[in-house]
Participant: 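One structure, pasted below without further comment.
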Amino acid sequence: MKIYGVVKVSNVKQVLKIGFAYTGVVVGAGFSTGQEILQFFTNNGAVSIFAVLLSGLLVLFTGKWTADVGFDIKAESYIDSLLNMFGKTFGRIIDVVLSFFLYGVAVIMFAGAGSTFYESFGVSPWIGSLILILAVFITLNLDFDRIVLALGAITPYLLAIVVIIAIVNFLNPSLPLSEVDQYANPEATPPGPWWWNAVTYSGFTIAVAFSFLTMMGSRSDSRKVAGWGGIIGSIIIILLMFLINNGLMAQMDEVNTVELPMLLLANEIHPVLGLLLSVAMLLVIYNTAVGMLYPFLNRFSHPGSRRYKIMLPVSLVIGYILSFVGFADLVGTIYPVMGYVGLILGVAMLMKWLKLVSTKKSPQR
């Protein structure tokens, strides 16, 4: 028996495992708090609805391509995929740049944990960041399969919470859609028109997911399983983008006044929902921190090796110090630049896919 004539039911579990883990890596501090969506989409006003749809289509295609590429070359590390797509020289350059940004996103997660602990529970930011770092340290001493399970476990819970918040705010907006543009702040978005923000965000998404998704794809039982895992994860991400953007627009007159806009929306519905979202945010922040640091460490060392055991605590300590720059400032600085790196990856994967189609290469199974 098959799903849509493509994936055997026996492989559904693996497809969902890849999809949920992919979502868990992408949906980190900036996403779950609403800060990413606010900066890249919502502050463009009502047109942000179309921006989400455009970005979502790009995320869908690149998510599938990334998992496919990982399976095709059996990547042990994301560097294998980079060298395969870009060649030795340019691949090494992209490798260095991507490694830098992987670590940068992990640092943003440490800062995001500090902000979330403070605004949700009144815990000092330095303590909140430290708690996350200890959790990441423990997790990154586990094997890869256990790490993937940890990353995917939170996705259904987060999806349920975000759906509730978005629907309630959409049905009970503080201002109508026709007035959203009056409170939007396009100056707070990355440089360029709304459609370029959408394209840039899709690039950021693939840059974040590329390293971990290629490794998950390489461990899939078949190319179809890898590809469908990328598709399912992309669909969940698109749904979350749409729901969060609509929820933020419903309260456009308030969301720019706080650092964690989704928490504001949740608390206005009920404090218990705010508490549940706070827990969800901390868990997905943990997800992304793990999902960024693992491929970063795996790039320079072998898991379990002496070098790995030295690099892990050192990178966590340095990241902890850097996290004091501030959450919102880090998101606004690193994410747009990382989006451009992701666009380069997306174009390279498109070219590779077109080459495979033109030569009618049979998919590897």
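Numbering starts at 1 and runs along the sequence shown.
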Participant: How would you list, by chain and number, every residue that makes a ring-ring contact (aromatic ring centres under 6.0 Å, His included) with Tyr320, sequence neighbours excluded?
Facilitator: Phe324
Participant: For Ala113, does its backbone N or O pair with a side-chain atom of Thr116 as donor and acceptor, under 3.5 Å?
Facilitator: no
Participant: Minimum heavy-atom separation for Arg299 and Ser99, please, with both atom names.
Facilitator: CG-OG, 4.0 Å
Participant: What do the steps show when you test Phe121 against Leu275 for side-chain contact (heavy atoms from CB on, under 4.5 Å), and what is the final call?
Facilitator: CA-CA 9 Å; Phe121 308 107; Leu275 176 62; 3.3 Å; yes
Participant: Take atom OH in Tyr103; do more than 12 heavy atoms of anything else shown fall under 6.0 Å from it?
Facilitator: yes
Participant: Could you grab the distance from atom CG of Leu60 to atom CD1 of Ile232, nearest 0.5 Å is fine?
Facilitator: 9.5 Å
Participant: Please table the atom pairs, donor to acceptor, closer than 3.5 Å between any side-chain atom in residues 158-170 and protein atoms at least two apart or in another chain.
Facilitator:
from	atom 1	to	atom 2	distance (Å)
Asn169	OD1	Gln251	NE2	3.0
Asn169	ND2	Ile165	O	2.8

Participant: Give a yes or no on whether the backbone of Trp126 and the side-chain of Ser129 come within a donor-acceptor separation of less than 3.5 Å.
Facilitator: no
Participant: When you measure from the side chain of Thr189 to the backbone of Asn185, do you find a donor-acceptor pair of N or O atoms at a distance under 3.5 Å?
Facilitator: no
Participant: Do Asn298 and Pro303 have side chains that approach each other closer than 4.5 Å (heavy atoms only, starting at C-beta)?
Facilitator: yes
Participant: Would Val279 and Leu283 count as a side-chain contact (heavy atoms from CB on, under 4.5 Å) here? Give the steps.
Facilitator: CA-CA 6 Å; Val279 173; Leu283 289 173; 4.0 Å; yes
Participant: Is the shortest heavy-atom distance from the side chain of Phe90 to the side chain of Ile94 under 4.5 Å?
Facilitator: yes
Participant: Quick one, Asn43 and Met252 - any side-chain contact, counting heavy atoms below 4.5 Å?
Facilitator: yes
Participant: Which side-chain N or O atoms in residues 233-246 pair as donor and acceptor under 3.5 Å with protein atoms at least two apart or in another chain?
Facilitator:
from	atom 1	to	atom 2	distance (Å)
Ser234	OG	Tyr22	OH	3.4
Ser234	OG	Val59	O	3.2
Ser234	OG	Gly230	O	2.8
Asn245	OD1	Thr42	N	3.4
Asn245	OD1	Thr42	OG1	2.8
Asn245	OD1	Ser48	OG	3.3
Asn245	ND2	Ser48	OG	3.1

Participant: May I ask you to decide if the ring planes of Phe296 and Phe300 are parallel, tilted or perpendicular, using 30° and 60° as cut-offs?
Facilitator: perpendicular
Participant: In Å, rounded to the nearest 0.5 Å, how long is the span from CG of Leu16 to CH2 of Trp228?
Facilitator: 11.5 Å
Participant: So Pro190 and Tyr201, do their side chains get closer than 4.5 Å, heavy atoms only?
Facilitator: no
Participant: State yes or no: do Phe117 and Leu264 share one hydrophobic cluster built from I, L, V, M, F, W and Y residues joined by side-chain heavy-atom distances below 4.5 Å, directly or via other members?
Facilitator: no
Participant: Can you tell me how far CD1 of Ile37 sits from CE of Met262, rounded to the nearest 0.5 angstrom?
Facilitator: 9.5 Å
Participant: What are the two closest heavy atoms between Leu263 and Ser278, and how far apart are they?
Facilitator: CD1-OG, 3.3 Å
Participant: Counting N and O atoms only, with roles assigned by atom type, does the side chain of Thr257 sit under 3.5 Å from a partner on the main chain of Glu254, one being a donor and the other an acceptor?
Facilitator: yes
Participant: For the hydrophobic clusters of this structure (ILVMFWY residues joined by side-chain heavy atoms under 4.5 Å, transitively), does one cluster hold both Met109 and Val314?
Facilitator: yes
Participant: Is there a side-chain contact between Phe210 and Thr62, using heavy atoms and a 4.5 Å cut-off?
Facilitator: no
Participant: Do you reckon Tyr308 sits in the same ILVMFWY cluster as Ile138, going by side-chain contacts under 4.5 Å, direct or chained?
Facilitator: no
Participant: Look at the side chain of Ser55 and the backbone N and O of Ala51, then say whether any donor-acceptor pair between them is shorter than 3.5 Å.
Facilitator: no
Participant: Tell me if a side-chain donor or acceptor on Tyr157 pairs with a main-chain N or O of Leu276 at a distance below 3.5 Å.
Facilitator: yes
Participant: Within this structure, what is the CG-CG distance for the pair Asn44 and Asn197, rounded to the nearest 0.5 Å?
Facilitator: 5.0 Å
Participant: Please check if the number of heavy atoms outside Phe50 that lie under 6.0 Å from its CZ is greater than 12.
Facilitator: no
Participant: Would you give the length of the straight line joining atom CD1 of Ile131 to atom CG of Leu282, rounded to the nearest 0.5 angstrom?
Facilitator: 8.5 Å
Participant: Might you point out which heavy atoms bring Ala46 and Asp181 nearest each other, and give the distance in Å?
Facilitator: N-OD1, 2.9 Å
Participant: Could you measure the distance from the CZ atom of Phe61 to the CD1 atom of Ile206? Nearest 0.5 Å is fine.
Facilitator: 13.0 Å
Participant: Between Ala67 and Ala226, which heavy-atom pair has the shortest distance, and what is it?
Facilitator: CB-O, 3.1 Å
Participant: Test side-chain contact (heavy atoms from CB on, under 4.5 Å) on Tyr183 and Asn256; report intermediate values, then the result.
Facilitator: CA-CA 9 Å; Tyr183 295 93; Asn256 276 308; over 6 Å; no
Participant: Taking the side chain as every heavy atom from C-beta outward, state whether Leu316 and Leu312 have any pair of such atoms under 4.5 Å apart.
Facilitator: yes
Participant: With sequence neighbours left out, what residues match Ser315 under side-chain hydrogen bond (donor to acceptor under 3.5 Å, both in side chains)?
Facilitator: none
Participant: Considering residues at least two apart in sequence or located in another chain, which fulfil the ring-ring contact (aromatic ring centres under 6.0 Å, His included) criterion with Phe110?
Facilitator: none
Participant: For Asp253, give me all partners under side-chain hydrogen bond (donor to acceptor under 3.5 Å, both in side chains), at least two apart in sequence or on another chain.
Facilitator: Ser174
Participant: Group every Ile, Leu, Val, Met, Phe, Trp and Tyr by side-chain heavy-atom contacts under 4.5 Å, then state whether Ile231 and Leu57 land in the same group.
Facilitator: no
Participant: Closest approach of Ser305 and Ser301, non-hydrogen atoms and distance?
Facilitator: OG-CB, 4.1 Å
Participant: Same hydrophobic cluster for Ile127 and Leu130, using side-chain heavy-atom links shorter than 4.5 Å among ILVMFWY?
Facilitator: yes
Participant: Please tell me if the side chains of Val255 and Leu265 come closer than 4.5 Å, counting only heavy atoms from C-beta onward.
Facilitator: yes
Participant: Considering only heavy atoms from C-beta outward, does the side chain of Pro261 approach that of Val258 to under 4.5 Å?
Facilitator: yes
Participant: So which heavy atom on Leu132 is nearest to which on Ala289, and how close?
Facilitator: CD2-CB, 4.4 Å
